[in-house]
Amino acid sequence: METMKRTKVVDAFDASLYGTKINVKGWVRTRRGNKHVNFIALNDGSTIKNIQVVVDLSKFTEAEMKPITTGACISVVGVLVESQGKGQQAEIQAESIELYGGADPESYPLQKKGHTLEFLREIAHLRPRTNTFGAVLRIRHNLAYAIHKYFNDRGFFYLNTPLITASDCEGAGAMFQVTTLDLNNVPRTDDGAVDYSADFFGKPTSLTVSGQLEGELGAMSLGAIYTFGPTFRAENSNTPRHLAEFWMVEPEVAFNEIEENMDLAEDFLKYLVRYALDHCQDDLEFLCQMYDKELIDRLKFVVENDFVRLPYTEGIKILEESGHKFEYPVYWGADLQSEHERFLVEEHFKKPVILTDYPKEIKAFYMKLNDDGKTVRAMDVLFPRIGEIIGGSQREENYEKLLSRIEELNIPMKDMWWYLDTRRFGTAPHSGFGLGFERLLLFVTGMTNIRDVIPFPRTPKNAEF
RNA sequence: UCUUCAGUAGCUCAGUCGGUUAGAGCAUCUGACUGUUAAUCAGAGGGUCGUUGGUUCAAGUCCAACCUGAAGAGCCA
């Protein structure tokens with residue numbers, strides 16, 4: 001087989017290449033035909049499109065063709081031509097084919113017919129070879145890149161916050177413990193407790209549930225930072241919106257007040273959705289056609305319309321006066337349930353809503369108290385179909401007020417002196433928020449289960465791949 | 001974790017009132033077909049009916065527990 005430079009499938013639809021000999025490599029999606037001519041649909045992951053390889057069987061032996069089945073990996077050299085058949089622009093007239101690896105058709109689990117998403121979750125190691133997961137994972141990459149680009153272009157610095165933390169009060173749910181102790185022979189102190197002084201860090205440690213507290217340190221020195229990394233929640237949540245390991249984006253900006261925080265969140269979300277529309281057209285069209293006919297219209301709607309900004313108190317009033325029957329009661333001071341959020345976003349306003357100024361009792365200790373003494377400068381961005389996509393706030397910058405909230409809530413702060421130091425030394429107003437990357441991907445791809453927008457989902461009782 | 005639904009061929013499903021040999025489509029294999037488009041046509045092979053226990057002359061079917069999956073809820077991003 002002659003050696004020549006490989007052409008990616010995504011680049012093989014260039015009409016200026018017609019008539020030239022090229023080399024493509026990829027995995028066989030289907031092969032069909034008769035005893036004179038075969039057609040191979042070849043995909044290399046560079047695009048959702050397959051390139052059609054036309055094989056004149058008089059030029060190839062039966063032994064050469066037999067292992068070219070769905071799932072096999074081959075390298076093809078041939079002349080790229082405008083397709084003689086309908087259904088594709090270009091095709092390759094095969095001159096030589098090298099088999100890299102066959103795929104026994106009796107045991108290869110992916111067929112050319114459709115599979116359910118549930119079945120594909122059981123073969124997560126192979127599902128990126130499907131159109132759907134190829135599309136989702138290409139969109140995921142593009143949005144990850146867009147996040148870095150957005151912040152970089154605006155002077156934010158990418159801050160790497162720790163994944164292993166010794167603080168047990170990040171305030172966002174159950175944590176996975178990290179230890180090198182022998183669990184079959186745990187060292188004990190005299191009173192029978194686990195002796196963590198013998199552990200790797202000399203104290204109990206966990207996987208982080210949020211980079212926010214360290215992010216605030218970054219904001220109070222570099223001015224504007226963002227984190228983008230994995231976070232871990234040991235909650236026993238079994239829903240289509242929760243993962244035990246997920247990726248979170250957390251910008252934190254010194255001197256931003258809550259209004260500027262909202263401006264940033266809205267502009268950021270619109271930028272990301274616009275980026276996907278501009279750069280992932282083929283993949284979005286596929287997902288739109290196969291799963292959700294209104295997907296692209298909904299994405300455009302979000303980009304083109306202002307988000308509603310609504311104080312919690314007014315939201316409660318709308319819900320109370322709606323006449324709508326809710327399973328959970330609505331009253332001032334109640335945390336909003338999914339049904340309440342959905343009513344506001346999907347039925348009342350019919351567009352994204354930023355809900356602000358929640359009662360302090362239902363929000364985290366670090367949020368800035370309003371002058372009314374009852375509400376805090378929190379903001380949740382609520383999206384249609386997926387609910388809360390962003391949660392954020394202006395942070396309490398006053399040392400005494402922060403300390404009294406910590407005491408009110410009995411938060412163990414013995415390991416958090418470093419966080420309080422930001423308020424002791426050169427404190428300043430600052431704000432930030434957290435965006436669940438997979439929640440964003442649910443919205444942008446139209447997928448309905450969060451396990452289908454991350455390559456290797458981690459959920460209770462599932463860490464197979 | 002709670003509620004509901006589901007588990008039958010490699011995949012997607014049907015299986016009546018509990019009844020004697022377990023059904024289809026697709027996939028796979030064999031053959032046919034001179035440009036296919038999830039190709040088409042003909043034939044063949046393929047089953048511990050999630051697991052365990054129970055009721056019954058008889059269980060894929062009824063009962064219980066457990067396992068697994070999904071949807072809704074809670075928690076949250």
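A, B, ... follow the sequence lines: proteins, then strands. Residue 1 opens every chain.
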Across the strands shown, which category fits A:Thr116 at heavy-atom distances under 4.0 angstrom: base, sugar-phosphate, nothing?
-> sugar-phosphate

Between A:Phe151 and A:Phe268, does the ring centroid distance fall short of 6.0 Å?
-> yes

Side-chain donor or acceptor of A:His115 under 3.5 Å from a matching atom on the base of B:C11?
-> no

Verify ring-ring contact (aromatic ring centres under 6.0 Å, His included) between A:His324 and A:Phe343, making sure each step is shown before the conclusion.
-> CA-CA 9 Å; A:His324 194 276; A:Phe343 180 85; 4.9 Å; yes

Under-3.5 Å donor-acceptor pair between A:Ser237 side chain and B:C75 base | yes

Take atom P in B:C11 and the same atom in B:A70, then report the distance between them in whole Å.
-> 16 Å

Between A:His125 and A:Phe456, does the ring centre distance come in under 6.0 Å?
-> no

When you compare B:C41 with B:U36, how far apart are their C1' atoms, in angstrom units rounded to a whole number?
-> 15 Å

Pick base, sugar-phosphate or nothing for A:Ile389, based on heavy-atom distances below 4.0 Å to the nucleic acid.
-> sugar-phosphate

Span that lies between the C1' atom of B:C26 and that of B:A38, in whole angstrom = 10 Å

Kindly indicate whether the side chain of A:Glu106 and the base of B:G10 share any N or O donor-acceptor pair separated by less than 3.5 Å?
-> no

What string of B, S and - do you get for nucleotides 65-70 of chain B, 5' to 3', if B is base contact, S is sugar-phosphate-only contact and - is no contact with any protein heavy atom under 4.0 Å?
-> ---SSS

N/O donor-acceptor pair, side chain A:Glu91 with base B:G35, under 3.5 angstrom = yes

Using whole Å, report how far CG of A:Leu110 lies from P of B:C26.
-> 20 Å

Using the P atom on both, measure B:G46 against B:A9 and round to a whole Å.
-> 15 Å

May I have all residue pairs that pass ring-ring contact (aromatic ring centres under 6.0 Å, His included) and include part of residues 27-57 of chain A, sequence neighbours excluded?
-> none

Please work out which residues in residues 36-52 of chain A have a non-hydrogen atom less than 4.0 Å from an atom of RNA chain B and list them by number.
-> A:His36, A:Phe39, A:Gln52

Which nucleotide, B:G74, B:U12, B:U36, lies nearest any side-chain atom of A:Gln337?
-> B:G74

